[in-house]
Each structure stands twice: as structure tokens, then as C-alpha cells.
Amino acid sequence: MVSQEFKLAILVNNSRQIRIMLTDSLILDPTFDRFDEMLSYAERQLPDIIVPFDGENLENDISKWNRELMDRESVQLVDNFSKKRIEHLKKVITQVMASKIDKLLDQKIISEKKANQQRALRQMTEYGKRISDLMKRKEQNNNKWTGELIKQMEDAAKKLLNVIESYNRNR
């Protein structure tokens, strides 16, 4: 989600602040999800936020990639907010912050599984109520199953089974 502070920086066209916030987001969220969302928003509002690459050398020797280099590259990105520098810094961050990225991705997977479980539980309740309602309709119909009731029951039961499978996959 794009913060109000970021939206305000864009509204007043504070390009330096925008570039700083975007660059910071790369390091704060090394999965780059936040950055991608923020950049997409910025590009819609300010199509010229990305500038041409200044041609300065980028450190491509992976053995030299460390926190200090990452910080220097971040500062350079603020000064030259180009696609080439963005992609290079992403590679450096991915290398330097690999263990943090793994932890964040694990947390994200766990969070998504929990959300999927909660959604499945809500749907189980919904389809269970639907089945109960269909049973009541059968009782109101002198305990007779009509073709339509059977079709509706089959549909609700299939949906309930699918939701249970989804829940079990996300355990």
C-alpha cells in the first residue's frame, strides 16, 4: 500500500524525496513488493521519474558486494534514478540481504496460508448454512427431494468439499 507521505511527495512533485523513499523501500522490503507498488504509482503520476543511466561504472564483482557497497549504490540511485541502477541495486540487495529475504518470504508464505485458511473457514460456514437451508426446504416439502433441491445440494456439497481441500492445503 502506498503511504500518504509518499502520495504527498508526489503531489508536491518533490522528486528528491520520492527517489529517497523509493530507494529506502528497496532496502526495507528486499522482496521489492513495496518498491514495485510505489514505483508503479509514481510512474503513473510522474512519467519522467526514471531518468537515463549516467554511464558511471557499476560494481559487477559479486565478491565485493557488501552492506557498504549497497549503501553507496543506494546514494547513487537517488542521484541517478535510472532503470539500470535500479536493477543493479536489486541484484546487490538480493545478494547482501539473502537471509533476510528468506525470512521475509517465509513469513509472507505463512501469512498467506493463514489468510487462505481463514477464507476457507468462512466459506465452510457459508456452504454448511446453505446445506442446512436446503435440508429445511426438503422438510417443508414433506421430506421429499425434488430434482432442483438435489442439484442445489450437490452444488453446495461440491463447493464445501473444494473449500475443505483448500483449507487442508494451507495447513
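By convention here, the first residue in the shown sequence is residue 1.
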Checklist entry - What residue among F35, F53, F32 forms side chain to side chain contact (heavy atoms under 4.5 Å, CB included) with I86? => result F35
Throw together a table of side-chain donor-acceptor distances under 3.5 angstrom for residues 38-50, partners on residues two or more places apart or in other chains.
| unit_1 | atom_1 | unit_2 | atom_2 | d |
| --- | --- | --- | --- | --- |
| S40 | OG | R44 | NH1 | 2.8 |
| R44 | NH1 | S40 | O | 3.4 |

Next on the checklist: Testing the basics here: between L58 and E73, what is the closest heavy-atom pair and its distance to 0.1 Å?
Outcome noted: CD2-OE1, 3.9 Å
Side-chain donor-acceptor pairs of residues 3-26 under 3.5 Å, sequence neighbours excluded:
| unit_1 | atom_1 | unit_2 | atom_2 | d |
| --- | --- | --- | --- | --- |
| S3 | OG | F6 | N | 3.0 |
| N14 | OD1 | Q17 | N | 3.1 |
| R16 | NH1 | D79 | OD1 | 3.3 |
| R19 | NE | V78 | O | 2.6 |
| T23 | OG1 | R19 | O | 2.8 |
| S25 | OG | L22 | O | 2.6 |

Item to check | Side chains of E165 and R169 in contact at under 4.5 Å (non-hydrogen atoms) | outcome: yes
Item to check | Enclosure of K90 NZ (heavy-atom neighbours >12, cutoff 6.0 Å) | outcome: yes
Checklist entry - Hey, are the side chains of R137 and L149 touching, using non-hydrogen atoms and a 4.5 Å cut-off? => result yes
Next on the checklist: Run the salt bridge (charged side-chain N to carboxylate O under 4.0 Å, His left out) test against K159 and tell me which residues pass, sequence neighbours left out.
Outcome noted: D155
Checklist entry - Can you name the residues that form a salt bridge (charged side-chain N to carboxylate O under 4.0 Å, His left out) with E148, not counting sequence neighbours? => result none
Checklist entry - Does some side-chain heavy atom of N60 sit less than 4.5 Å from a side-chain heavy atom of H88? => result yes
Which donor-acceptor pairs under 3.5 Å do the side chains of residues 61-72 make with protein atoms, sequence neighbours left out?
| unit_1 | atom_1 | unit_2 | atom_2 | d |
| --- | --- | --- | --- | --- |
| D61 | OD1 | S63 | N | 3.1 |
| D61 | OD1 | S63 | OG | 2.6 |
| D61 | OD2 | S63 | OG | 3.2 |
| W65 | NE1 | E59 | O | 2.8 |
| N66 | OD1 | E68 | N | 3.1 |
| N66 | OD1 | L69 | N | 2.8 |
| E68 | OE2 | R72 | NH1 | 3.0 |

Item to check | Expected output: side-chain N116 to main-chain R171 donor-acceptor under 3.5 Å | outcome: no
Considering only distance and modelled atom types, tabulate donor-acceptor pairs under 3.5 Å from the side chains of residues 124-136, sequence neighbours left out.
| unit_1 | atom_1 | unit_2 | atom_2 | d |
| --- | --- | --- | --- | --- |
| T125 | OG1 | L121 | O | 3.1 |
| R130 | NH2 | Q152 | OE1 | 3.3 |

Checklist entry - Can you name the closest pair of heavy atoms from K138 and W145 and give their distance? => result CD-CE2, 3.0 Å
Next on the checklist: Working to the nearest 0.5 angstrom, can you tell me the gap between R34 CZ and I27 CD1?
Outcome noted: 12.0 Å
Checklist entry - Looking only at heavy atoms, what is the nearest atom pair of M1 and E37, with distance? => result N-OE1, 2.7 Å
Item to check | Under 3.5 Å: donor-acceptor pair, side chain of D54, backbone of E56 | outcome: yes
Item to check | Ion pair check, E87 and K91, cut-off under 4.0 Å | outcome: no
